[in-house]
Amino acid sequence: MIDDTFLDEVRELPSVTPMERVVAWSVFRTRDAARQLLEHVHLAPGQALVGGHGKDSVAEYWWVGVQVQNLEGWGHSASINKHGRMGD
């Protein structure tokens, strides 16, 4: 069973409050939708799941991301998810 307790932590998206070495994330409007993603993420050595939940002007959100030990090993820094304020 995958540990999903990190989804219960109050933590804004890395695009709002930067989080070290988080290279990709997805945003969901329900905890259950975020939890479902966990079953489909395949991590390489040196990678870990991170995430949390917060609230924006629309509603609550939950996010799931990947944190890497070695940012240079991930690839070019331009490949890091740097989309809009809410990750979209």
Side-chain angles (χ1 to χ4, degrees):
M1 175 148 198
I2 295 174
D3 180 11
D4 64 358
T5 56
F6 64 86
L7 292 173
D8 298 322
E9 296 179 28
V10 176
R11 184 180 294 142
E12 291 182 325
L13 289 165
S15 56
V16 176
T17 302
M19 188 173 176
E20 192 173 345
R21 299 180 326 275
V22 175
V23 295
W25 57 88
S26 298
V27 181
F28 304 90
R29 287 297 177 182
T30 66
R31 187 186 191 286
D32 185 53
R35 173 67 179 90
Q36 288 178 27
L37 176 70
L38 302 182
E39 302 293 335
H40 304 285
V41 176
H42 299 280
L43 299 171
Q47 298 178 351
L49 289 172
V50 294
H53 73 90
K55 186 174 183 177
D56 61 15
S57 62
V58 176
E60 285 189 288
Y61 63 81
W62 287 259
W63 67 275
V64 176
V66 176
Q67 187 173 42
V68 297
Q69 285 180 350
N70 180 351
L71 199 54
E72 288 77 32
W74 173 259
H76 193 276
S77 62
S79 66
I80 296 172
N81 183 347
K82 294 181 182 176
H83 298 292
R85 189 180 80 77
M86 296 307 295
D88 53 17

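As the structure is a prediction and not an experimental result, all values here were calculated from the model. Along the sequence shown, the residues carry numbers beginning at 1. Computed from heavy atoms alone, side chains included, the values below leave out hydrogens, waters and symmetry copies.
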> Quick one: are H53 and R31 in side-chain contact, heavy atoms under 4.5 Å?
Replying inline: no
> Rounded to the nearest 0.5 Å, what separation is found between the CG atom of D56 and the CZ atom of R29?
Replying inline: 4.0 Å
>> If only side-chain N and O atoms count, and only distance matters, is there a donor-acceptor pair under 3.5 Å linking T5 with D3?
In response: yes
> If we only count heavy atoms from C-beta on, is the W63 to R11 side-chain gap below 4.5 Å?
Replying inline: yes
> Which heavy atom of L13 sits nearest a heavy atom of Y61, and at what distance?
Replying inline: N-OH, 3.6 Å
>> Taking atom CD as the centre, does E9 end up with more than 12 heavy-atom neighbours from other residues, nucleotides or ligands that are less than 6.0 angstrom away?
In response: yes
> When rounded to the nearest 0.5 angstrom, what distance separates OG1 in T30 from CD in E60?
Replying inline: 10.5 Å
> Roughly how far apart are Q67 CD and E20 CD, rounded to 0.5 Å?
Replying inline: 7.5 Å
> Can you tell which of V68, V50, V66 makes a side-chain contact (heavy atoms from CB on, under 4.5 Å) with R21?
Replying inline: V68
> Shared ILVMFWY cluster between V10 and V16, side chains joined below 4.5 angstrom?
Replying inline: no
> If you group Ile, Leu, Val, Met, Phe, Trp and Tyr by side-chain heavy-atom gaps below 4.5 Å, do I2 and F6 land in one group?
Replying inline: yes
> Do the side chains of F28 and L7 get nearer than 4.5 Å, heavy atoms only?
Replying inline: no
> Rounded to the nearest 0.5 Å, what separation is found between the CD atom of E39 and the CG atom of D4?
Replying inline: 9.0 Å
> Is there a side-chain contact between V23 and Q47, using heavy atoms and a 4.5 Å cut-off?
Replying inline: no
> Any idea which heavy atoms bring A34 and V64 closest together, and the distance?
Replying inline: O-CG2, 3.8 Å
